[in-house]
Amino acid sequence: MNGFFDIPSDLQNTWTGLIGMHLREALLPVAAGLLLALPLALLCDRFRWLYPPVLGLTTILYAVPSLAFFVVLIDYTGQTELTVMIPLALYSLVVLVPAIADGVRSVPDETLSAATAMGFGPVRRYLQVQLPIAAPAIIAGLRVATASSISLVSVGALIGNQGALGNLMAAGLKYDRPELAANAVLTTALLAVLCDVALVALRRVLTPWMPRSGRERTAAPHEELLTKGAAR
């Protein structure tokens with residue numbers, strides 16, 4: 001383990017500092033993608049004809065390599081974390097828009113009709129009925145987007161010391177220190193696993209009606225949500 005945590009001085013950071021930087025560059029784009037995907041999914045639900053072109057556009061964006069984005073962005077944002085995070089936000093958007101839209105559209109029509117009869121407007125129905133019921137699909141999309149974002153941050157090492165743990169891979173190649181590359185790979189994988197576990201735990205908190213091992217299934221989500229709405 002000698003030298004495993006010995007970070008080269010030219011990286012101007014510590015191991016824990018690189019972890020914090022990696023999480024910041026990975027999770028902020030996912031959060032931004034989620035904030036953009038929520039209204040887009042609402043529009044796709046309200047105007048069904050909008051979904052195919054939105055899905056097509058997001059698929060095209062996902063096919064663009066991150067290096068191509070760097071080439072375009074670097075003249076405007078420079079060798080900064082923002083140059084890395086903008087493409088990651090777009091990639092997260094590509095994953096989350098279909099996940100949220102499909103989850104929202106899977107809500108039974110009778111549930112929507114009941115919510116409308118109770119006086120729920122389109123926005124309130126979307127926020128208080130459709131999104132909670134679609135939570136499993138949304139969390140599944142977040143798990144994919146988060147794991148993808150955590151792995152892609154390392155590409156930022158190609159535009160200076162903006163790759164967080166990816167900088168260790170570049171340093172390992174530069175100084176012929178394979179233990180640095182091993183450190184980067186193992187730490188990145190561990191971060192992805194921990195974030196995934198956190199999202200699974202969040203899903204269990206947000207969806208108490210989902211079946212649990214060794215436990216009986218609780219009330220269906222639409223029944224529970226509409227009961228709460230009626231109580232209000």
Side-chain angles (χ1 to χ4, degrees), residues 19-48 50-64 66 69 73 77 80-107 112 120-156 162 164 188 191-210 221 225:
I19 290 177
M21 178 182 180
H22 202 99
L23 289 174
R24 181 172 65 250
E25 290 188 6
L27 300 184
L28 286 179
V30 175
L34 178 61
L35 290 177
L36 291 173
L38 288 173
L40 271 178
L42 174 60
L43 289 175
C44 290
D45 180 58
R46 292 274 292 170
F47 308 102
R48 297 299 176 99
L50 191 60
Y51 183 63
V54 168
L55 183 62
L57 178 60
T58 55
T59 302
I60 292 173
L61 288 175
Y62 198 76
V64 178
S66 56
F69 281 116
L73 292 171
T77 55
T80 64
E81 293 183 13
L82 188 60
T83 304
V84 178
M85 290 192 288
I86 290 176
L88 295 183
L90 291 176
Y91 293 150
S92 297
L93 182 68
V94 169
V95 174
L96 292 172
V97 167
I100 298 174
D102 291 342
V104 166
R105 293 169 69 178
S106 68
V107 178
L112 299 178
F120 284 47
V123 175
R124 185 184 175 194
R125 185 179 61 199
Y126 179 68
L127 295 175
Q128 296 187 9
V129 177
Q130 291 174 281
L131 285 183
I133 295 176
I138 297 172
I139 295 296
L142 281 173
R143 293 174 67 185
V144 174
T146 300
S148 176
S149 189
I150 289 174
S151 66
L152 288 174
V153 165
S154 298
V155 181
Q162 303 301 331
T188 301
L191 290 179
V193 170
L194 291 176
C195 288
D196 191 66
V197 170
L199 286 171
V200 171
L202 177 63
R203 187 203 66 191
R204 292 191 174 189
V205 171
L206 295 178
T207 58
W209 56 81
M210 294 289 288
L225 289 168

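Heads up: numbering here begins at 1 and tracks the sequence.
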>> Can you give me the closest heavy-atom contact between L88 and V84, atom names plus distance?
In response: CG-O, 3.3 Å
> What are the two closest heavy atoms between P136 and P132, and how far apart are they?
Replying inline: CD-O, 4.3 Å
> side-chain hydrogen bond (donor to acceptor under 3.5 Å, both in side chains) with R24: which residues, sequence neighbours excluded?
Replying inline: E81
>> For T77, give me all partners under side-chain hydrogen bond (donor to acceptor under 3.5 Å, both in side chains), at least two apart in sequence or on another chain.
In response: T83
Interatomic spacing from [atom1] in [X] to [atom2] in [Y] - rounded to 0.5 Å:
| X | Y | atom1 | atom2 | value |
| --- | --- | --- | --- | --- |
| C195 | L202 | SG | CG | 12.0 Å |
| M85 | L90 | CE | CG | 12.5 Å |
| I100 | I138 | CD1 | CD1 | 5.0 Å |
| L131 | R125 | CG | CZ | 12.0 Å |
| E25 | T80 | CD | OG1 | 9.0 Å |
| I19 | T188 | CD1 | OG1 | 9.0 Å |

> On the ring face of Y51, is R105 found with NZ or CZ under 6.0 Å from the centre and within 45° of the axis?
Replying inline: yes
>> Test of understanding: with salt bridge (Lys or Arg N to Asp or Glu O under 4.0 Å), list the residues that count as partners of R48, not counting sequence neighbours.
In response: D45
Can I get a per-line list of side-chain donor-acceptor pairs under 3.5 Å for residues 144-151, giving both atom names and the distance, sequence neighbours left out?
residue, atom, partner, partner atom, Å
T146, OG1, L142, O, 2.7
S149, OG, A26, O, 2.7
S151, OG, A147, O, 3.4
S151, OG, S148, O, 2.8

Quick check: do [X] and [Y] have side-chain heavy atoms less than 4.5 Å from each other?
| X | Y | answer |
| --- | --- | --- |
| V97 | L55 | no |
| L194 | V197 | no |
| I86 | F69 | no |
| L191 | L23 | yes |

Tell me which donor-acceptor pairs under 3.5 Å the side chains of residues 30-40 have, and how far apart each pair is, sequence neighbours excluded?
none

> Which residue pairs pass the side-chain hydrogen bond (donor to acceptor under 3.5 Å, both in side chains) test with at least one member in residues 191-202, sequence neighbours excluded?
Replying inline: R143-D196
> Under the 3.5 angstrom rule, does the side chain of Y91 hit a backbone N or O of S66 as a donor-acceptor pair?
Replying inline: yes
